[in-house]
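Along the sequence shown, residues are numbered consecutively beginning with 1. Atoms within a ligand are numbered from 1 in the order they appear, just like the ligands themselves. Quantities reported herein were computed from a predicted structural model and do not represent experimental measurements. What's counted below: heavy atoms across the whole structure, side chains too, no hydrogens, waters or symmetry copies.
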Amino acid sequence: MEKVAIVTGGSRGIGKAIVESLARKNIKVIANYNKSEDKAKKLQEDLKKENIFIDIFKADVSKRKEIREMVDYTINKYGKIDILVNNAGIDQEKMFQDITDEDWDNIVKVNLYSVFCTTQEAIKYMLNQKDGCIINISSIYGINGGSCAVAYSATKAGIDGMTKALAKELGPSNIRVNSIAPGYINTDMNQRYSDEEVKQIKEETPLVKIGKPEDIAKCIEWLVEDDFTTGQVISINGGWAI
Ligand code: NAP
């Protein structure tokens with residue numbers, strides 16, 4: 001049977017490109033969404049025109065109950081989970097002194113707790129299978145830190161720590177765990193940057209270009225195929241942070 005993948009935050013941006021690329025590789029994809037139901041339905045319809053069928057599933061990944069429902073749906077329909085891509089995330093631009101407890105709790109829940117929780121629910125099945133591939137989308141800010149993005153950077157560094165520790169724990173069960181830490185990728189998340197700021201990032205980037213969601217999807221395709229890479233943080237950033 002084909003491989004089965006859950007991609008969180010799969011209806012737009014980087015997640016959408018990941019869903020498209022995995023689905024075109026004949027993988028059964030459950031594309032998770034929370035608020036963007038219209039976009040999830042459109043993605044499903046567009047792929048159907050290519051004779052590719054994906055499942056879409058609404059779940060707020062900051063809530064264990066909803067994650068469990070998504071994992072149960074996947075198991076009831078396909079009987080297994082081979083690939084988990086923890087992609088859903090939010091950013092937060094604030095001066096450190098202005099971050100409230102509520103801001104902190106919210107971003108930690110959506111960006112970090114979600115990875116803990118979704119992974120915990122999914123690996124129950126991967127452990128039985130003695131096979132699995134988990135890919136977490138962290139960020140270059142988790143490696144280098146981003147000014148006015150302390151909480152965001154902390155969650156992304158947390159993801160990378162979780163990736164390395166879990167890779168050690170799950171390696172003997174043939175479950176690989178890796179992070180992809182993107183640099184600047186052109187999605188809704190970065191719409192707040194002015195044209196001037198984007199131009200500056202481009203000029204600071206050795207490859208003199210801005211990343212596309214497909215650049216991340218290509219790395220996911222490779223990680224899914226590979227069987228000797230685990231515990232790595234792969235930063236795809238055009239050389240922005242060498
Ligand atoms: P985006 O366009 O803003 O998309 C964010 C995605 O996360 C959406 O699909 C959204 O789904 C989902 N999401 C947010 N909160 C959720 C929740 N509570 N439950 C379920 N899904 C939720 O951002 P993006 O650029 O594609 O980012 C994807 C990932 O890459 C994020 O983890 C981000 O931190 C990381 N990243 C991005 C960049 C970049 O430059 N773009 C750089 C480094 C890392 P709904 O719309 O359905 O709510």
Side-chain angles (χ1 to χ4, degrees), residues 6-21 29-44 54 56-71 84-93 105-119 121 135-146 149 151-160 162-163 179-193 197-198 201-202 204-205 209-217 219-220 233-238 240-241:
I6 293 178
V7 180
T8 67
S11 71
R12 60 191 179 93
I14 293 171
K16 174 174 180 258
I18 297 169
V19 168
E20 288 170 328
S21 76
V29 182
I30 290 82
N32 155 256
Y33 66 94
N34 185 31
K35 294 183 181 154
S36 302
E37 182 160 19
D38 289 353
K39 288 186 176 159
K41 285 187 172 159
K42 175 149 191 338
L43 175 60
Q44 191 179 38
I54 62 162
I56 57 172
F57 197 95
K58 177 174 164 40
D60 178 343
V61 294
S62 67
K63 298 188 174 135
R64 185 180 284 270
K65 185 175 168 287
E66 296 186 24
I67 293 168
R68 197 172 277 159
E69 283 165 2
M70 176 169 65
V71 168
L84 170 63
V85 184
N86 286 307
N87 163 76
I90 52 173
D91 69 348
Q92 187 187 94
E93 191 183 28
D105 289 347
N106 184 42
I107 198 162
V108 168
K109 270 246 147 157
V110 177
N111 287 6
L112 189 58
Y113 171 78
S114 66
V115 178
F116 155 68
C117 215
T118 313
T119 304
E121 293 298 326
I135 302 165
N136 300 321
I137 307 299
S138 56
S139 167
I140 197 168
Y141 279 5
I143 301 169
N144 290 356
Y152 179 82
S153 304
T155 62
K156 296 301 188 176
I159 288 175
D160 289 346
M162 205 189 305
T163 295
S179 287
I180 296 179
Y184 184 102
I185 307 292
N186 191 16
T187 66
D188 295 344
M189 190 172 273
N190 287 329
Q191 291 316 303
R192 63 186 153 82
Y193 287 100
E197 286 168 320
V198 176
I201 292 169
K202 197 168 156 183
E204 286 167 4
T205 303
K209 57 184 174 185
I210 292 301
K212 306 182 297 299
E214 292 73 21
D215 296 322
I216 306 304
C219 184
I220 300 256
V233 178
I234 303 166
S235 191
I236 300 189
N237 58 52
W240 194 23

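Where the criterion is an N or O separation shorter than 3.5 Å, residue side chain and backbone included, S36 meets it with respect to ligand 1. On a distance-only criterion, K156 and ligand 1 share at least one N/O pair closer than 3.5 Å. Here's the thing with G13: none of its N/O atoms is less than 3.5 angstrom from an N/O atom of ligand 1. Geometrically, ligand 1 and I14 share a nitrogen or oxygen pair separated by less than 3.5 Å. For a threshold of 3.5 Å applied to N or O pairs, the pair formed by N34 and ligand 1 contains at least one separation below that value. Checked against a 3.5 angstrom limit, the closest N/O atoms of G9 and ligand 1 fall inside it. Some N or O of V61 is nearer than 3.5 Å to an N or O of ligand 1, by distance alone. Between D60 and ligand 1, at least one pair of N/O atoms sits closer than 3.5 Å.
Classified by interplanar angle (parallel below 30°, tilted 30° to 60°, perpendicular above 60°), the ring pair Y141/Y152 is perpendicular.
Atom NZ of K63 sits in a sparse spot, with 12 or fewer heavy atoms from other residues, nucleotides or ligands closer than 6.0 Å.
T119 and N86 form a side-chain donor-acceptor contact under 3.5 Å, judged by distance and modelled atom types alone. For the residue pair D160/S179, the side-chain donor-acceptor check at 3.5 Å is satisfied.
Proximity of a side-chain donor or acceptor of N32 to a complementary backbone N or O of I6 within less than 3.5 Å is not detected. The backbone N or O of D60 sits less than 3.5 Å from a side-chain atom of E66, completing a donor-acceptor pair. Using a distance-only test at 3.5 Å, with no hydrogens or angles considered, a donor-acceptor pair links the side chain of N190 to the main chain of I185.
A distance below 6.0 Å separates the ring centres of Y184 and Y193.
Looking at A59 against ligand 1, only its backbone comes within 4.0 Å, counting heavy atoms. Using a 4.0 Å cut-off between heavy atoms, T187 contacts ligand 1 through its side chain alone, with no backbone atom that close. Of the heavy atoms in N32, only side-chain atoms (C-beta onward) come closer than 4.0 Å to ligand 1.
For atom 36 (N) of ligand 1, the choice among F57, Y141, Y152, Y184 with the nearest heavy atom turns out to be Y152.
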